[in-house]
Amino acid sequence: MKRCLSLLEKRIPQGWKQLQPSKHDNIVVAMSSGVDSSIAAAIYSSFPNVRGVYMRNWSNKQNDTKNCDEKDWNDAKKVAKYLNIPIEMVNFEKEYWLDVFEPMLNNYELGLTPNPDILCNRYIKFGTLKQKLDEMYGVDNYWLVTGHYSRILQECRTGQFELLRGIDSSKDQSYYLSQVKPDIMDRTILPIGNFYKREIRQLAKELQLPTADKPDSQGICFVNNSQRGKFKTFLKEYLPSKPGHIITIDPQSGHKKVWGEHGGLWSYTIGQKVGIPMPQGDPEYRGTWFVSDKLRDTNEIMIVRGRDNPKLFRDHVKIIDMKWLFPEEDLMNIEKTLQEGIQRGDLFLQYRSLQEPILVDKYELWKSDQATNDKNQYINQRKNQRKNLEFILTLSCPQRAMAPGQYGCLYLKNRVIGSGTIIL
Ligand SMILES: Nc1ncnc2c1ncn2[C@@H]1O[C@H](COP(=O)(O)OP(=O)(O)OP(=O)(O)O)[C@@H](O)[C@H]1O
């Protein structure tokens, strides 16, 4: 694995540094049993004070005597044994339920589109786990290593740690990490972001790791493989049915027409094709219909005709509750960073993982919660505040089916600067 470390070293771009542990440092590898975190563990397995940690975030014993993650835990133990490193399980089911699962359910109920993977990284992997490790080893007395396809590197010029995309753009997970707290950055190592997935698979085969051929897990970590593609059925077990109307509103007359029923605002996603019969003989209604809006006040879902209906597209987006990956900075500095990014043409937005980044043309502070219309006065009010900055971004290209509740993540080129919640 020395080969891996030296290859990693060669791939660090000029002007950047990847800090590495000294020989006797404490190193904790978050091992999910997947091939990526197995290789991350293999890379550091020759260090004397390395150990694996497996998080049990979810169990499902209702119909079964075994936990649904039993196989993953056994695989993680097999890999640790093979690499000759200790491993332990930590149980974060309660924390996961409270910080990730319940907020997700609440948001779905409100008709929003939440992202539990982002919450899991913020509150569990780099929240509860970090707290536990702080208690075990002492703050800053250990390195946390994960198998994410992303990089945390130190910029030589500024000495700051930055979250960067992984080099394999088809696997990049930086979007999912965009809400982690900046204080994790200087002690976290993401070695896998310096490799391509095919290289990781190849390495796992060469090393004959027990999980070399294990298929990649996808998406939400608590929905197990047998439930993939049936997420709505899964949600139904936890969310009350709240039937409402599926409607059209005539843009000219404003006349509302009811076409069917939905089981709750959460049961459809913005942009999704609706499976209700529309009168195909009538030229006004012939064709395929898609969800364009969820009306929370009236519990109605609005539909429009055609996948490319202009009502499904937006060239601007409103973002609130930004979490920045900047060190302590005030609004002026944030504004300066955004402005310079726009001038250079390298400020991008993503509202989904693995999406083609969208060039941002313009930003505007959104002055919803203060009396003044004077921008300078507003800036003075907000000076030294980093929280709750709200703004509207104008995008270079209209986007289809952006949905409230999604996270909007801002990048300067390939560096994450923060993310917030889209409210449209
Ligand atoms: N249950 C878990 N226990 C410990 N670490 C985990 C767990 N789930 C995820 N992680 C850590 O977070 C990283 C990214 O999570 P993700 O869900 O993408 O991983 P995965 O696809 O399950 O497995 P892998 O990335 O190891 O192939 C993992 O590489 C691992 O370091």
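For clarity, every value in this text was computed on a predicted model and none was experimentally measured. Numbering of ligands and ligand atoms starts at 1, following listing order.
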What atoms in ligand 1 come closer than 4.0 Å to a heavy atom of [X]?
| X | value |
| --- | --- |
| Asp36 | 24 (P), 25 (O), 26 (O), 27 (O) |
| Thr146 | 31 (O) |
| Val53 | 4 (C) |
| Lys125 | 9 (C), 10 (N), 12 (O), 14 (C), 15 (O) |
| Gln173 | 18 (O) |

Original post:
OG1/Thr188 to CG/Asp183 distance, rounded to the nearest 0.5 angstrom?
Top reply: 9.0 Å
Subject >> Aromatic Phe290 / basic Arg305 pairing, under 6.0 angstrom, 45° off normal >> reply: no
Subject >> N or O contact, Ser32 vs ligand 1, cut-off under 3.5 Å >> reply: yes
Original post:
Within the structure, does Ser37 bring an N/O atom to less than 3.5 angstrom of an N/O atom in ligand 1?
Top reply: yes
**OP:** Side-chain contact test, heavy atoms from C-beta onward, threshold under 4.5 Å: evaluate it for Thr248 versus Met302 and give yes or no.
**Re:** no
**OP:** Check each heavy atom of Met31 against ligand 1 and say whether those closer than 4.0 Å belong to the side chain, the backbone, both or neither.
**Re:** backbone
Original post:
Backbone, side chain, both or neither: what part of Val145 comes under 4.0 angstrom of ligand 1, heavy atoms only?
Top reply: neither
Original post:
Are side-chain N/O atoms of Thr146 and His148 paired as donor and acceptor at under 3.5 Å?
Top reply: yes
Subject >> Flag for Asp69-Tyr54: side-chain donor and acceptor within less than 3.5 Å >> reply: yes
Original post:
Can you name the residues that form a salt bridge (Lys or Arg N to Asp or Glu O under 4.0 Å) with Asp308, not counting sequence neighbours?
Top reply: none
**OP:** Enumerate the residue pairs fulfilling side chain to side chain donor-acceptor pair (under 3.5 Å) with a member in residues 393-410, sequence neighbours excluded, ordered by first and then second residue.
**Re:** Tyr351-Gln399
Subject >> Proximity flag Val35 to ligand 1, non-hydrogen atoms under 4.0 Å >> reply: yes
